[in-house]
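This report refers to the structure that appears directly beneath it.
Throughout, numbering of the chain's residues begins at 1 and tracks the sequence. No hydrogens, no waters, no symmetry mates; every other heavy atom, side chains included, goes into these values.
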Amino acid sequence: MGTEIPRSAEISEALLPSESEKTATAAEEHVPEWKEQITIRGLTVSALLGTLFCIITHKLNLTVGIIPSLNVAAGLLGFFFVKSWTGFLSKLGFTVKPFTKQENTVIQTCVVACYGLAFSGGFGSYLIAMDEKTYKLIGADYPGNHAEDVINPGLWWMIGFLFVVSFLGLFSLVPLRKVMVLDYKLTYPSGTATAMLINSFHTNTGAELAGNQVKCLGKYLSLSLIWSCFKWFFSGIGDACGFDNFPTLGLTLFKNTFYFDFSPTYIGCGLICPHIVNCSVLLGAIISWGILWPFVSQHAGDWYPADLGSNDFKGLYGYKVFIAIAIILGDGLYNLVKIIAVTVKEICSSRSRRLNLPIVTDVVDDSEASEILLVKKKRDVVFLKDRIPLEFAVAGYVGLAAISTATIPIIFPPLKWYFVLCSYFIAPALAFCNSYGTGLTDWSLASTYGKIGLFIIASVVGSDGGVIAGLAACGVMMSIVSTAADLMQDFKTGYLTLSSAKSMFVSQLVGTAMGCVIAPLTFWLFWTAFDIGDPNGPYKAPYAVIFREMAILGIEGFAELPKHCLALCYGFFIAALIVNLLRDITPPNISQFIPIPMAMAVPFYIGAYFAIDMFVGTVILFIWERINRKDADDFAGAVASGLICGDGIWTIPSAILSILRINPPICMYFGPSSAR
């Protein structure tokens with residue numbers, strides 16, 4: 001799985017209705033029944049946007065593995081499409097149902113559930129780590145890497161696998177929705193931010209701003225699409241031509257992957273991701289490709305044989321992969337322990353407050369405060385009105401677990417039924433921990449829980465099928481804890497937008513079902529059209545090698561690593577722990593400048609080129625914020641979404657041209673003048 005950047009909870013003040021505007025209308029606002037909140041037009045828009053965002057997510061997952069949140073774009077485009085739809089039909093004289101914020105919330109939930117499976121479904125990590133290309137890349141003679149541990153991607157088995165594992169997380173925590181949202185009052189920052197955004201769309205001032213944001217998004221989407229099409233004509237045959245290989249910083253730095261490759265997607269990511277994330281990625285690129293790899297390369301012939309191929313694990317490639325793994329594991333382990341500790345502390349504090357504080361009757365004289373209490377009361381009533389029966393949730397979880405326990409060993413024979421069953425016994429507890437932690441910090445550790453399952457199952461099964469069993473177990477665990485956290489996030493959004501909990505649950509089910517089909521289909525487009533997993537091509541699938549190596553590590557331990565590689569891994573693992581600790585213990589005015597190890601790890605293996613692009617995006621945003629902060633807050637997300645979506649849309653015709661074997665007519669290549 002790629003690295004999912006934590007979503008910012010900051011929403012521009014201009015997007016938010018004033019407190020008086022909210023409270024003056026919300027208390028007496030009509031709330032549609034839950035069935036009226038789910039409409040055919042809403043589901044149609046959800047399917048279209050889900051397809052687009054699945055394509056974008058696959059492209060990012062298979063190239064660099066960094067995936068920013070597209071929630072704002074999903075909410076904005078959902079609002080735009082339905083508003084355009086209703087406006088067009090009204091002009092034709094048709095009577096149309098009003099577009100409510102509840103319907104907007106359902107669309108948002110459905111789209112996020114759909115494209116979330118393109119991320120958590122393992123198409124750039126544990127599923128593709130099972131394929132033959134990754135096996136050959138690591139090496140047939142590599143200890144623990146066996147030819148029997150190969151399962152190539154197949155459209156039908158991937159769809160079947162997602163259907164049997166993706167729904168359990170939705171049923172695991174449904175009975176705790178009141179506890180998490182009302183009793184513990186967890187903030188779920190992204191869910192709260194999304195609710196504020198949707199609420200703002202459905203006010204007069206917010207609707208006007210949303211219209212301007214959509215125009216901005218459309219303009220940059222068109223520019224990005226045209227630019228991506230233009231670039232294609234110069235990209236030639238192979239991977240050495242075109243603007244993607246433009247030595248903007250000189251040929252010497254180009255050899256060390258330091259160049260700007262004119263990618264709208266990565267510039268858009270730089271505009272969306274926080275400045276510290278982009279700077280961390282660039283710092284990781286400088287440390288690895290600017291200092292560490294040139295230093296290690298100087299010891300070729302001493303530390304490792306000098307005549308090895310560029311992708312041989314006994315050479316420089318081994319340093320790249322294992323040091324990246326060390327940083328990722330160090331960061332993941334630290335945050336797992338931290339969030340579990342925070343969760344336990346908060347639960348104990350919450351219980352203590354309920355036991356020790358006297359119960360008082362709220363007597364509020366102030367009219368505005370009284371109005372706010374009325375709004376809160378209405379939210380509580382709406383949230384609790386459409387009950388999801390406990391017996392339904394339990395029956396759903398048990399039934400799906402039984403089907404999954406019987407089916408998964410058929411798809412992945414080394415993962416025996418009793419391993420699957422044990423996973424489903426402990427999964428609800430892990431799902432609760434992850435959901436509670438997400439509610440506090442906005443950081444989902446689904447991939448960390450998946451890696452823990454990977455290591456445990458791989459080591460227990462051993463060399464006879466342990467790689468496949470570990471990777472499959474990783475998928476099972478990740479799917480449950482990820483979808484459970486997403487559902488609670490959506491319940492929080494629904495609570496704040498006066499949407500029915502039942503409509504949220506149903507839209508999650510529908511969006512997940514869409515994702516089980518759309519995510520594999522869009523991945524299959526990439527798999528058929530492009531050379532996925534080629535370490536020298538654009539679609540490196542970087543986490544495929546990393547996840548397979550983790551499974552082998554769980555079985556074999558550290559076998560045949562190059563000289564000093566293990567010592568470097570220990571050093572970077574400890575460094576990741578220390579840097580995270582410093583981020584937590586230093587004052588905010590200092591910690592905001594301390595880099596994030598997880599973001600630093602990504603370029604260690606992939607290269608520095610995308611870090612340059614993302615840094616260009618963050619510089620543009622920084623200057624924009626200094627010139628006009630309000631405009632930057634209002635439109636930076638729309639510009640970024642347009643750049644990412646336009647480049648993503650071009651992927652479809654590009655893939656079709658590749659399938660039809662229609663090659664670009666020109667190869668634009670750069671080399672030293674002395675070579676002419």
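Here the options are Thr63, Asn278, Asp647, the test is side chain to side chain donor-acceptor pair (under 3.5 Å), and the partner is Tyr266; only Thr63 passes. Among Phe123, Tyr539, Phe530, the one residue that satisfies the ring-ring contact (aromatic ring centres under 6.0 Å, His included) test with Phe523 is Phe123.
With Lys133 contributing its side chain and Ile532 its backbone, the two residues share a donor-acceptor pair below 3.5 Å. No donor-acceptor pair closer than 3.5 Å links the side chain of Trp650 to the backbone N or O of Trp232. Under a 3.5 Å cut-off, the side chain of Tyr126 and the backbone N or O of Gly121 do form a donor-acceptor pair. In terms of modelled atom types and a separation under 3.5 Å, the side chain of Ser658 and the main chain of Ser654 share no donor-acceptor contact. Put simply, the side chain of Asn256 never gets that close to the backbone of Phe258: no donor and acceptor are under 3.5 Å apart. Panel note: side chain Gln213, backbone Asp634; a donor-acceptor pair is recorded below 3.5 Å. A donor-acceptor contact shorter than 3.5 Å is absent between the side chain of Thr651 and the backbone of Lys59. No donor-acceptor pair closer than 3.5 Å links the side chain of Asn152 to the backbone N or O of Asp131. In this structure, His275 contributes its side chain and Phe615 its backbone to no donor-acceptor pair below 3.5 Å. A side-chain donor-acceptor contact under 3.5 Å links Asp613 to the backbone of Asp261.
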Derivation of the side-chain contact (heavy atoms from CB on, under 4.5 Å) call for Trp527 and Ile128: CA-CA 10 Å; Trp527 183 259; Ile128 200 172; 3.9 Å; yes
Evaluation steps, side-chain contact (heavy atoms from CB on, under 4.5 Å), between Val150 and Met130: CA-CA 5 Å; Val150 171; Met130 303 177 185; over 6 Å; no
One pair to check against side-chain contact (heavy atoms from CB on, under 4.5 Å): Val616 and Phe262. What are the steps and the verdict? CA-CA 10 Å; Val616 168; Phe262 300 90; over 6 Å; no
Any chance you could lay out the side-chain contact (heavy atoms from CB on, under 4.5 Å) test for Tyr319 and Leu568, step after step, and finish with the verdict? CA-CA 8 Å; Tyr319 292 93; Leu568 287 169; 4.0 Å; yes
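Pairs of residues two or more places apart, or lying in two chains, never qualify as salt bridge (charged side-chain N to carboxylate O under 4.0 Å, His left out) while including a residue from residues 652-669.
Side chains of Arg548 and Val467 form a contact here, defined as non-hydrogen atoms less than 4.5 Å apart. Residues Leu127 and Pro153 form no side-chain contact, since every pair of their non-hydrogen atoms from C-beta on lies 4.5 Å or further apart. Within the 4.5 Å cutoff, no side-chain heavy atoms of Tyr135 are placed close to those of Asp149. Between Lys320 and Trp289, the closest side-chain pair of non-hydrogen atoms falls below 4.5 Å. At a threshold of 4.5 Å between non-hydrogen side-chain atoms, the residues Phe610 and Ser263 do not count as touching. The side-chain heavy atoms of Phe635 and Asn628, taken from C-beta on, include no pair separated by under 4.5 Å. Residues Leu329 and Met550 meet the side-chain proximity criterion, which asks for heavy atoms closer than 4.5 Å. When side chains are defined from C-beta on, Leu117 counts as touching Ser166, because their heavy atoms get closer than 4.5 Å.
Taking all atoms of both residues into account, the shortest heavy-atom contact from Cys269 to Leu60 is SG-CD2, 3.9 Å. The minimum heavy-atom distance linking Gly139 with Asn145 is given by the pair O-ND2, 2.8 Å. Residue Pro264 comes nearest to Leu643 through the heavy atom pair O-CB, 3.5 Å, listed as atom of the first residue, atom of the second, then distance. Scanning all heavy atoms of the two residues, the minimum distance from Cys273 to Met614 falls at SG-CE, 4.2 Å. Looking at every heavy atom in both residues, Leu621 comes nearest to Ala632 through CD1-CB, 4.4 Å. The two residues Leu471 and Ala129 come nearest to each other via the heavy atoms CD1-CB, 3.9 Å.
Atom OG of Ser297 is separated from atom CH2 of Trp303 by 10.5 Å, given to the nearest 0.5 angstrom. Interatomic distance, CD1 of Ile267 versus CD1 of Ile612, reported as 11.5 Å (0.5 Å rounding). Rounded to the nearest 0.5 Å, atoms CZ (Phe53) and OG1 (Thr522) are 13.0 Å apart. To the nearest 0.5 Å, the span separating OH on Tyr609 from CG on Asp244 amounts to 9.0 Å. If you take CZ on Phe572 and CD1 on Ile325, they are separated by 14.0 Å, rounding to the nearest 0.5 Å. Annotation: the span from Thr618 atom OG1 to Phe622 atom CZ amounts to 9.0 Å, rounded to 0.5 Å.
Classification of Lys540 and Asp534 as a salt-bridged pair fails, no side-chain N sitting under 4.0 Å from a carboxylate O.
The six-membered or imidazole ring of Trp227 lies near that of Phe243, with a centre-to-centre distance under 6.0 Å. Checked against the 6.0 Å centroid threshold, Tyr317 and Tyr605 count as a close aromatic pair. Aromatic ring centres of Trp85 and Phe80 lie farther apart than the 6.0 Å criterion allows. Ring to ring, Phe246 and Phe670 are close: their centroids are under 6.0 angstrom apart. Aromatic ring centres of Phe230 and Phe234 lie closer together than 6.0 Å.
With sequence neighbours left out, the disulfide bond (SG atoms under 2.5 Å apart) criterion links Cys667 to Cys241. A search for side-chain contact (heavy atoms from CB on, under 4.5 Å) contacts involving Phe81 returns Val45, Leu49, Leu77, not counting sequence neighbours.
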